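Below is one structure, written out as structure tokens; the observations come after it.
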Amino acid sequence: MFKGIDISASGLTAQRLRMDTISSNISNSETTRDEDGNTYRRKVPIFRQKLDREMGAGIGNGSGSNSAGVEVDEIAEDQSPFRLEYRPEHPDANEEGYVELPNVSVMTEMVNMIDASRAYEANIQAITNYKSMANSALNIST
């Protein structure tokens, strides 16, 4: 009965993690060294469809859908090249005076944050609509 809410709730959880990851990327956009001494790499959450296999739901019943929402498969590191900036006075500069900065573009991260925020809002609206439909269905029977 509450499958629609469960699906949207999984979307809320996934988008919140996406926003947390984006926040981490932005806060480390100028970090030249992590705790291991390496340059910070941009993190990207990878989502996958969560399948509902309990009691054979969605399998062989002709519905063609066995989706139960979304889940985070992994948090991958973006392998794009680091940014190089000429800062000869920086302690992490190489012998030519260039510093390796993270492969994070604050502008790209802000666009991704807006996208994640809108997806979060859409899932909230879907839950609100589902609750309204359930309430209307209950009122019909009285």
Side-chain angles (χ1 to χ4, degrees), residues 1-94 97-142:
M1 179 174 165
F2 297 106
K3 188 171 185 173
I5 291 176
D6 291 342
I7 290 169
S8 289
S10 74
L12 288 173
T13 302
Q15 293 304 325
R16 189 196 69 217
L17 179 87
R18 183 177 172 207
M19 286 190 272
D20 290 345
T21 305
I22 292 167
S23 297
S24 174
N25 288 339
I26 290 172
S27 66
N28 286 295
S29 65
E30 294 293 319
T31 304
T32 56
R33 281 187 263 171
D34 63 9
E35 61 274 358
D36 298 325
N38 301 318
T39 304
Y40 179 83
R41 281 205 173 270
R42 177 177 180 256
K43 310 263 188 295
V44 182
I46 307 295
F47 300 134
R48 72 172 173 186
Q49 181 180 12
K50 188 169 31 170
L51 301 177
D52 186 6
R53 302 253 187 228
E54 293 178 14
M55 308 277 292
I59 300 172
N61 63 3
S63 70
S65 173
N66 56 1
S67 174
V70 66
E71 62 187 357
V72 177
D73 189 30
E74 68 174 302
I75 301 207
E77 289 188 346
D78 183 353
Q79 296 301 313
S80 61
F82 294 120
R83 293 179 295 142
L84 289 176
E85 283 191 18
Y86 184 69
R87 296 185 189 173
E89 71 286 345
H90 196 282
D92 291 329
N94 62 17
Y98 288 94
V99 177
E100 271 190 349
L101 293 173
N103 54 351
V104 176
S105 165
V106 175
M107 189 175 303
T108 300
E109 296 301 324
M110 291 305 296
V111 169
N112 288 339
M113 180 69 83
I114 291 169
D115 182 56
S117 176
R118 295 224 172 116
Y120 191 89
E121 290 169 2
N123 279 299
I124 289 173
Q125 188 61 48
I127 289 172
T128 302
N129 291 345
Y130 184 81
K131 288 186 335 188
S132 176
M133 287 188 308
N135 192 24
S136 295
L138 289 173
N139 288 336
I140 289 173
S141 66
T142 59

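All figures in this text were calculated on a predicted structure; none of them were measured in a lab. Counting from 1, the numbers follow the sequence of the chain as shown.
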task: Under the side-chain contact (heavy atoms from CB on, under 4.5 Å) rule, collect the residues that match up with Ser23, sequence neighbours excluded.
output: Met113
Partners meeting side chain to side chain donor-acceptor pair (under 3.5 Å) with Ser117 (sequence neighbours left out): none
message: Does any part of the side chain of Ile26, heavy atoms only, come nearer than 4.5 Å to the side chain of Ile22, both counted from C-beta?
response: yes
query: Considering only heavy atoms from C-beta outward, does the side chain of Tyr40 approach that of Ser24 to under 4.5 Å?
result: yes
query: Is there side-chain contact between Phe82 and Leu101, with at least one heavy-atom pair below 4.5 Å?
result: no
- request: Go through the structure and list residues passing side-chain contact (heavy atoms from CB on, under 4.5 Å) with Asn135, not counting sequence neighbours.
  value: Asn139
For Thr108, side chain to side chain donor-acceptor pair (under 3.5 Å) partners two or more places apart: Ser105
query: Side chains of Phe47 and Val72: closer than 4.5 Å at any heavy-atom pair?
result: yes
field: Qualifying salt bridge (charged side-chain N to carboxylate O under 4.0 Å, His left out) pairs, either residue in residues 128-138, two or more places apart
entry: none
- request: Work out which heavy atom in Val104 is nearest to a heavy atom in Ser29; give both atom names and the distance.
  value: CG1-CB, 3.9 Å
- prompt: How would you list, by chain and number, every residue that makes a side chain to side chain donor-acceptor pair (under 3.5 Å) with Asn112, sequence neighbours excluded?
  reply: none
query: Got a sec, which pairs hit salt bridge (charged side-chain N to carboxylate O under 4.0 Å, His left out) with one end in residues 84-93, sequence neighbours left out?
result: Glu30-Arg87, Arg33-Asp92, Arg83-Glu85, Glu85-Arg87
- prompt: Say you draw a straight line from NZ of Lys43 to CG of Asp20; how long is it, rounded to the nearest 0.5 Å?
  reply: 14.0 Å
- line: Across all chains, not counting sequence neighbours, the side chain to side chain donor-acceptor pair (under 3.5 Å) partners of Glu121 are none
field: Identified side chain to side chain contact (heavy atoms under 4.5 Å, CB included) partner of Pro102 from the options Thr39, Asn25, Thr32, Asp78
entry: Thr39
task: Under the side chain to side chain contact (heavy atoms under 4.5 Å, CB included) rule, what do Arg41 and Gln79 come out as? Steps first, then yes or no, please.
output: CA-CA 8 Å; Arg41 281 205 173 270; Gln79 296 301 313; 3.9 Å; yes
task: With sequence neighbours left out, write down each residue that passes side-chain contact (heavy atoms from CB on, under 4.5 Å) with Ala122, or none if nothing qualifies.
output: none
query: Measuring from Asn123:CG to Leu12:CG, what's the distance to the nearest 0.5 Å?
result: 5.0 Å
message: Strictly by side chain to side chain donor-acceptor pair (under 3.5 Å), give each pair with a member in residues 4-17 just once, sequence neighbours left out.
response: Gln15-Arg18
message: Give me the atom names and distance for the closest heavy-atom approach of Thr21 to Pro45.
response: CG2-CD, 3.9 Å
- request: Sequence neighbours left out, what pairs pass salt bridge (charged side-chain N to carboxylate O under 4.0 Å, His left out) with at least one residue falling in residues 97-109?
  value: Arg42-Glu109
With Tyr98 via ring pair (Phe, Tyr, Trp, His ring centres under 6.0 Å) - residues at least two apart: Tyr86
